[in-house]
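The residues of the chain are indexed from 1 along the displayed sequence.
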Amino acid sequence: MPDTMRCGTLQVPLDHAAPGKGTAEIALARIPATDRKKRLGSLLLNFGGPGAPGIESLAADPDAFADLGERYDLVAFDPRGVGHSEPVSCGGSQHTALEEGADAAAVLAALRAVVRSCELASGPVLPYVGTVHVARDLDLIRRALGDKKLNYLGFSYGTRLGAVYAAQFPGTTGRMVLDGVDSLTEPLAEQALASARGQQRALDNFLTWCAHQYGCVYGTNTRTAREKVEALVTRLDEEPLVGHDGSYVTGQDLVYSIGAALYSPLMWPALADALKTAERGGDPAELLQLGAPVEPSDGEDEQPDGPGTVPADNSEAALIAVSCADDPDRSDEKAGAAAVEKELEALEEEFLKVSKIFGPSQLSTVLSCYGRPAGTDFIRRIDRPGAPRMLLVGTRGDPATPYEWTEETAERLGSAVIVDYKGDGHTGYGSSPCVREYVDRFLLSGRLPSGTRSCPAVE
């Protein structure tokens with residue numbers, strides 16, 4: 001943790017619409033501006049998620065915002081339900097329900113059991129973790145910091161949070177930048193389909209890059225390269241790659257590792273090396289380092305959570321809880337397992353057409369909200385709320401938040417200027433000097449360009 005970082009907490013209503021229901025405690029951290037004479041106030045940051053702790057992210061790399069930190073107090077927080085802010089939990093992994101069910105009825109029963117486990121392990125905050133509640137927390141944080149308006153830099157999911165704040169509090173919205181823009185309108189199934197499409201586009205870009213590198217395991221033909229990656233996923237699902245220590249990588253672990261590496265072009269050389277090792281039948285260590293989960297050895301028990309610790313499954317539990325709280329659509333539980341299975345079969349062809357590699361795993365998220373209460377429709381109804389002009393950054397090769405969402409959200413907000421980053425990876429601020437210049441100029445001086453601006457890809 002940086003020496004100048006100071007931490008604290010803020011009490012907020014559990015339910016902003018009914019303050020008498022109790023309170024939640026929000027964890028905060030602040031790094032004071034280094035130039036106190038020219039201080040502009042506070043800049044709140046959200047690094048994405050949902051389910052990602054903000055304090056840990058700022059502490060890990062405050063130098064990334066050094067120019068902004070000269071004149072702003074950099075403020076991060078763990079959103080309610082995340083990290084050290086009343087963390088939710090489901091008592092373990094939620095993937096089991098989707099992976100081990102022998103048929104639709106078994107999967108649905110397992111999903112209901114997961115929901116019950118989440119309710120038991122999370123406490124009273126679980127029904128109130130959605131983005132609409134967190135946006136209201138943001139305004140209380142703004143007041144506690146003594147700022148008349150909220151100056152904000154949000155990445156990925158943090159863009160949805162920023163947009164919801166602007167819709168709820170247009171009068172106190174200050175200089176706002178949204179980078180890696182999330183969808184405000186699409187239901188979970190459409191989001192999953194768009195994500196699969198974005199991941200496949202990013203993989204194709206990587207394979208094109210690889211084809212121009214000496215020693216690329218897939219050679220120079222990008223079409224056959226995609227087919228070979230598909231074949232590798234299938235092969236490892238049938239016969240996992242096993243390491244000397246007993247760890248192993250399945251085809252779905254490989255999909256996870258590839259997806260993680262596509263978040264930044266800086267990871268592409270490591271991904272190319274890991275795929276070369278996998279194709280030649282080597283040790284899975286390189287793939288595991290890219291993000292695939294390591295299987296514990298036999299007899300290794302998980303350590304119980306102690307006082308003040310964050311549950312091991314918090315990020316996963318919060319991701320699903322917030323996503324479901326933000327989505328009003330639900331499969332008809334009364335229709336029965338056969339109807340749900342038919343619904344998934346109808347979607348399967350479309351998901352596989354988009355991506356044979358990423359389609360199946362994205363399709364599995366369609367049922368993630370099964371058994372949970374319907375979420376709010378507030379976010380879908382956002383329509384030109386009257387907030388001040390803000391800056392949106394969209395990356396053409398983004399594997400997580402497709403560029404189309406940037407344009408759609410800009411239209412919904414009605415007051416946005418777009419920076420069109422032609423590069424790859426998730427978000428642009430950290431990788432493109434051009435993007436960073438536009439963002440810093442706006443946050444530090446309030447100057448915005450007129451109309452869409454472009455930034456070239458970074459080699």
Side-chain angles (χ1 to χ4, degrees), residues 43-54 57-58 60-61 64-65 68 76 79 131 134-135 152-166 175-186 190-192 194-203 205-206 259-267 315 319 322-323 326 358 362 379 390-413 416-440 442-443 452-455 457-458:
L43 178 67
L44 266 75
L45 299 109
N46 183 283
F47 298 90
S57 298
L58 178 58
D61 191 16
F65 308 97
L68 296 172
T131 302
V134 179
Y152 179 84
L153 174 56
F155 300 94
S156 194
Y157 163 76
T159 67
R160 189 197 312 170
L161 176 58
V164 172
Y165 180 89
R175 298 172 187 175
M176 181 171 284
V177 177
L178 311 180
D179 183 2
V181 185
D182 203 351
S183 173
L184 300 179
T185 60
E186 294 183 348
E190 291 300 320
Q191 290 183 42
S195 294
R197 186 182 295 112
Q199 287 178 303
Q200 185 62 58
R201 182 188 302 134
L203 176 59
N205 290 347
F206 160 75
L262 292 176
Y263 264 54
S264 170
L266 295 176
M267 294 292 293
S315 290
L319 167 64
V322 174
S323 298
D326 289 357
F358 301 105
Q362 289 292 345
I379 300 173
M390 61 189 73
L391 186 66
L392 272 58
V393 179
T395 300
R396 289 287 176 169
D398 197 315
T401 50
Y403 182 81
E404 305 89 83
W405 289 353
T406 304
E407 295 178 317
E408 293 170 6
T409 299
E411 177 67 24
R412 282 282 176 156
L413 293 172
V417 172
I418 293 175
V419 172
D420 178 359
Y421 175 42
K422 306 295 185 180
D424 293 289
H426 185 39
T427 73
Y429 184 82
S431 55
S432 167
C434 173
V435 169
R436 192 157 52 249
E437 182 178 352
Y438 277 118
V439 171
D440 287 356
F442 172 53
L443 290 174
T452 298
R453 290 292 185 268
S454 295
C455 283
V458 175

Nearest atoms (heavy-atom pairs only) where [X] meets [Y]:
| X | Y | answer |
| --- | --- | --- |
| Ser156 | His426 | OG-NE2, 2.8 Å |
| Val458 | Pro433 | CG2-CD, 4.0 Å |
| Ser431 | Arg436 | N-NH1, 4.3 Å |
| Tyr165 | Ala135 | CD1-O, 3.4 Å |
| Arg160 | Ser183 | NE-O, 4.2 Å |
| Pro265 | Gly425 | CD-CA, 3.8 Å |

Counting distance only, does the side-chain N/O of [X] pair as donor-acceptor with the main-chain N or O of [Y] below 3.5 Å?
| X | Y | value |
| --- | --- | --- |
| Thr427 | Tyr429 | no |
| Asp182 | Thr159 | no |
| Thr395 | Gly397 | no |

Below 4.5 Å, heavy atoms only, C-beta onward: do [X] and [Y] meet side chain to side chain?
| X | Y | answer |
| --- | --- | --- |
| Ile418 | Tyr403 | yes |
| Phe358 | Leu203 | yes |
| Leu153 | Leu68 | yes |
| Tyr152 | Leu161 | yes |
| Leu184 | Glu408 | no |
| Val177 | Leu391 | yes |
| Cys434 | Val419 | no |
| Thr409 | Leu392 | yes |

Aromatic ring pairing Phe47/Phe65, orientation class (parallel under 30°, perpendicular over 60°, tilted between):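 The rings of Phe47 and Phe65 stand perpendicular, inter-plane angle above 60°.
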Measure the spacing between [atom1] of [X] and [atom2] of [Y] and express it to the nearest 0.5 Å.
| X | Y | atom1 | atom2 | answer |
| --- | --- | --- | --- | --- |
| Tyr263 | Gln199 | OH | CD | 7.5 Å |
| Glu411 | Thr406 | CD | OG1 | 13.5 Å |
| Cys455 | Arg396 | SG | CZ | 12.5 Å |
| Leu266 | Asp424 | CG | CG | 11.0 Å |
| Phe155 | Ser57 | CZ | OG | 10.5 Å |

Glu186 versus Trp405, side-chain donor and acceptor atoms under 3.5 Å: yes
Non-neighbouring partners of Thr131 that pass side-chain hydrogen bond (donor to acceptor under 3.5 Å, both in side chains), sequence neighbours left out: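 Partners of Thr131 under the side-chain hydrogen bond (donor to acceptor under 3.5 Å, both in side chains) test: Tyr157, Asp326.
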Worked check of side chain to side chain contact (heavy atoms under 4.5 Å, CB included) between Val439 and Asp179: CA-CA 9 Å; Val439 171; Asp179 183 2; 5.8 Å; no
Residue pairs passing the salt bridge (charged side-chain N to carboxylate O under 4.0 Å, His left out) test where at least one lies in residues 398-407, sequence neighbours excluded: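 The answer is Arg201-Glu404.
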Pair Val134-Val322, side chain to side chain contact (heavy atoms under 4.5 Å, CB included): steps then yes or no: CA-CA 10 Å; Val134 179; Val322 174; over 6 Å; no
